[in-house]
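Numbering of ligands and ligand atoms starts at 1, following listing order. Positions are given from 1 along the sequence.
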Amino acid sequence: MKQTLTILGLESSCDDTAAAVVRHVMDQPAEILSSIVVGQTDLHASFGGVVPEIAARAHAEKVDHCVELALQKAALTLQDIDAIAVTAGPGLIGGVLSGVMCAKGLSAGSGLPLVGVNHLAGHALTPRLTNGLIFPYLLLLISGGHCQFLIANGVDDFKRLGGTIDDAPGEAFDKSAKLLGLPQPGGPSVEAEAVSGNPKRFALPRPLADRPNCDMSFSGLKTALLRSRDALVAEHGGLRQSDRADLCASFQQAVSDVLAVKTRRAIDLYLEQKPSQSIFAVAGGVAANQQIRATLETVCNSKNVSFIAPPLSLCTDNAAMIAWAGLELFRLGHVDDFSLSARPRWPLDRKSPAMLGSGKKGAKA
Ligand code: KG4
Ligand code: ZN
């Protein structure tokens with residue numbers, strides 16, 4: 001296998017069309033040569049959520065252009081690339097198909113190898129791209145479609161300790177924002193409102209916090225927020241600015257508290273296995289939330305575990321993580337042929353039973 005690998009990555013599993021080029025010289029830090037992300041927020045804005053058909057069409061229209069831009073920005077052509085990595089699931093099937101078809105076309109035209117990547121592995125391996133982490137590490141993946149604790153033992157070896165049984169936290173942020181008339185994506189809107197709010201004003205529940213496992217639930221939180229909102233509207237005839245801020249702050253506090261309790265448990269389970277190092281990493285779009293990052297860091301400090309969080313641009317969906325995961329798989333000799341199919345569901349830990357529920361990106365792993 002070559003010392004230096006340069007991989008083109010494609011991502012289109014939800015509402016961001018992305019392409020990136022990542023280069024890795026063996027035993028050196030990886031380099032992101034380009035990372036293009038074209039969002040679709042405007043296209044879905046009037047629907048209050050991601051519309052799968054609109055997303056798929058937009059991906060199909062934009063993915064080629066993203067690839068061109070990514071190569072241009074990296075000052076490379078396809079001849080400089082060693083393999084093409086593409087998200088092959090899990091996600092909204094139409095979007096995943098757009099990326100997979102584009103990658104197959106590029107591969108057929110250039111003769112370059114094709115590597116199908118699990119979107120969740122992209123998030124889960126990001127701390128290796130950004131911080132050069134070695135295995136095993138404990139990972140909390142929190143995004144718009146997923147929420148799980150995993151012990152990352154290898155590039156294709158993950159053990160799930162627990163996860164959400166209904167909504168993912170990002171989904172709860174998005175739905176709560178919608179209930180409060182805030183723009184999508186909901187996470188950043190709620191976070192911005194929460195800055196001036198009182199997190200103690202509303203006693204929102206901490207679902208499943210008393211259960212002695214790592215499973216979580218976020219759908220009740222959103223329903224509790226709805227009830228508080230309706231009570232305020234009935235009392236005052238509408239929501240005042242301070243009410244909205246207090247609701248956001250109380251909601252964010254509840255999510256942070258639940259994640260903190262469950263992270264403590266997950267760390268205990270991870271340490272019980274006597275790992276060669278004590279590292280906790282957080283990944284996925286919700287990991288961009290400053291309060292959640294700070295809360296998780298405090299938990300880690302109290303347990304003497306190192307805390308790693310990727311830069312914000314690599315927490316939300318991007319193709320650099322797909323290029324990197326593809327690069328890791330390719331180094332291990334993994335290559336797909338043209339029978340590579342788009343998968344709506346693709347659990348990282350294939351031995352654990354399926355989780356219930358379904359997120360904004362379809363069925364949960
Ligand atoms: O990882 P990601 O880009 O896509 C999925 O794989 O789902 O995550 C998107 C999710 C959205 O639900 C969005 O509201 C949430 O991440 N998010 C945040 C923040 N930034 C993005 N949630 C809370 N606070 C944020 N700052
Ligand atoms: Zn994602």
Side-chain angles (χ1 to χ4, degrees), residues 9-18 35 37-41 44-45 48-50 52 55 87-92 95-96 99 117-126 139-148 150 163-164 167-180 182-195 218-219 221-222 248-249 251-256 258-259 282-296 309-322 324-325 344 346 348 357-365:
L10 274 65
E11 156 64 31
S12 59
S13 66
C14 190
D15 55 353
D16 290 305
T17 318
S35 180
V37 181
V38 177
Q40 304 178 351
T41 307
H44 304 284
V50 178
T87 300
L92 298 174
V96 180
V117 171
N118 183 321
H119 176 87
L120 304 176
H123 281 301
L125 297 172
T126 296
L139 181 98
L140 170 60
L141 170 51
I142 35 176
S143 70
H146 297 278
C147 176
Q148 46 192 308
L150 296 157
T164 184
D167 288 354
E171 197 177 354
F173 269 100
D174 294 341
K175 288 177 179 170
S176 298
K178 193 173 166 190
L179 292 174
L180 299 177
L182 297 169
Q184 297 293 318
S189 319
V190 170
E191 180 171 27
E193 284 286 320
V195 170
F218 294 100
S219 72
L221 205 47
K222 162 206 73 199
C248 286
F251 170 83
Q252 188 172 265
Q253 186 66 50
V255 175
S256 301
V258 169
L259 291 174
V282 63
V286 181
N289 184 286
Q290 295 300 334
Q291 185 185 346
I292 291 174
R293 276 167 105 97
T295 303
L296 297 176
L312 301 192
S313 61
L314 294 174
C315 286
T316 45
D317 283 350
N318 65 87
M321 68 179 192
I322 302 304
W324 172 253
W346 187 355
L348 269 185
S358 132
K360 103 179 175 190
K361 294 175 72 171
K364 294 225 168 60

Would you check if the distance from the ring center of Phe173 to the ring center of Phe251 is below 6.0 Å? yes
Give the atoms of ligand 1, by number and element, whose distance to some non-hydrogen atom of His123 is under 4.0 Å. 1 (O), 6 (O)
His123 side, atom NE2; Ile142 side, atom CD1 - distance, nearest 0.5 Å: 10.5 Å
Working to the nearest 0.5 Å, report the span between CG of Asn318 and CH2 of Trp324. 13.5 Å
Has ligand 1 got any nitrogen or oxygen that is less than 3.5 angstrom from a nitrogen or oxygen of Phe173? no
Side chain or backbone of His146 under 4.0 Å from ligand 1, or both, or neither, by non-hydrogen atoms? neither
Look only at the side chain of Ser12 and the backbone of Gly95, and say whether a donor-acceptor pair between them is shorter than 3.5 Å. yes
Could you check whether any heavy atom of Gln290 sits closer than 4.0 Å to an atom of ligand 1, since that is the contact criterion I want to use? no
Between Leu179 and Lys222, is any pair of side-chain heavy atoms under 4.5 Å apart? yes
Taking 4.0 angstrom as the limit and counting only heavy atoms of Thr316, give me the atoms of ligand 1 inside it, by number and element. 3 (O)
At less than 2.8 Å, would any N/O/S atom of His146, backbone or side chain, sit next to the Zn ion (ligand 2)? no
Here the atoms of ligand 1 under 4.0 Å from any heavy atom belonging to Asp317 are 1 (O), 2 (P), 3 (O), 4 (O), 5 (C), 6 (O)
Polar contacts were defined as any N/O atom of the residue lying under 3.5 Å from an N/O atom of the ligand; does this apply to Gly285 and ligand 1? yes
Atom name of the N, O or S atom of His123 nearest to the Zn ion (ligand 2) is NE2
Hey, does the side chain of Asn289 reach the backbone of Glu191 with a donor-acceptor pair shorter than 3.5 angstrom? no
Between the side chain of Ser189 and the main-chain N/O of Pro183, is any donor-acceptor distance below 3.5 Å? yes
Could you tell me whether Gly144 and ligand 1 have an N or O pair separated by under 3.5 Å? yes
Is there side-chain contact between Pro310 and Met321, with at least one heavy-atom pair below 4.5 Å? no
Where do Arg293 and Cys315 land on the side chain to side chain contact (heavy atoms under 4.5 Å, CB included) test, with the steps shown first? CA-CA 11 Å; Arg293 276 167 105 97; Cys315 286; 3.5 Å; yes
Min side-chain heavy-atom separation Leu120-Gln148 under 4.5 Å: yes
Under 4.0 Å from any heavy atom of Gly186, which atoms of ligand 1 are there? 14 (O)
Any heavy atom of Asp174 under 4.0 Å from ligand 1? The part involved is side chain
Pro188 near ligand 1, heavy-atom distance under 4.0 Å? yes
Does an N or O from Asn289, backbone or side chain, lie closer than 3.5 Å to an N or O of ligand 1? yes
For Asp317, the N, O or S atom at the shortest distance from the Zn ion (ligand 2) is OD1
Side-chain touch Thr41/Pro185, heavy atoms, less than 4.5 angstrom: yes
Could you tell me which atoms of ligand 1, counted from 1 in the order shown, lie closer than 4.0 angstrom to a heavy atom of Gly145? 7 (O)
Heavy atom under 4.0 Å from ligand 1: found in His119's side chain, backbone, both, or neither? side chain
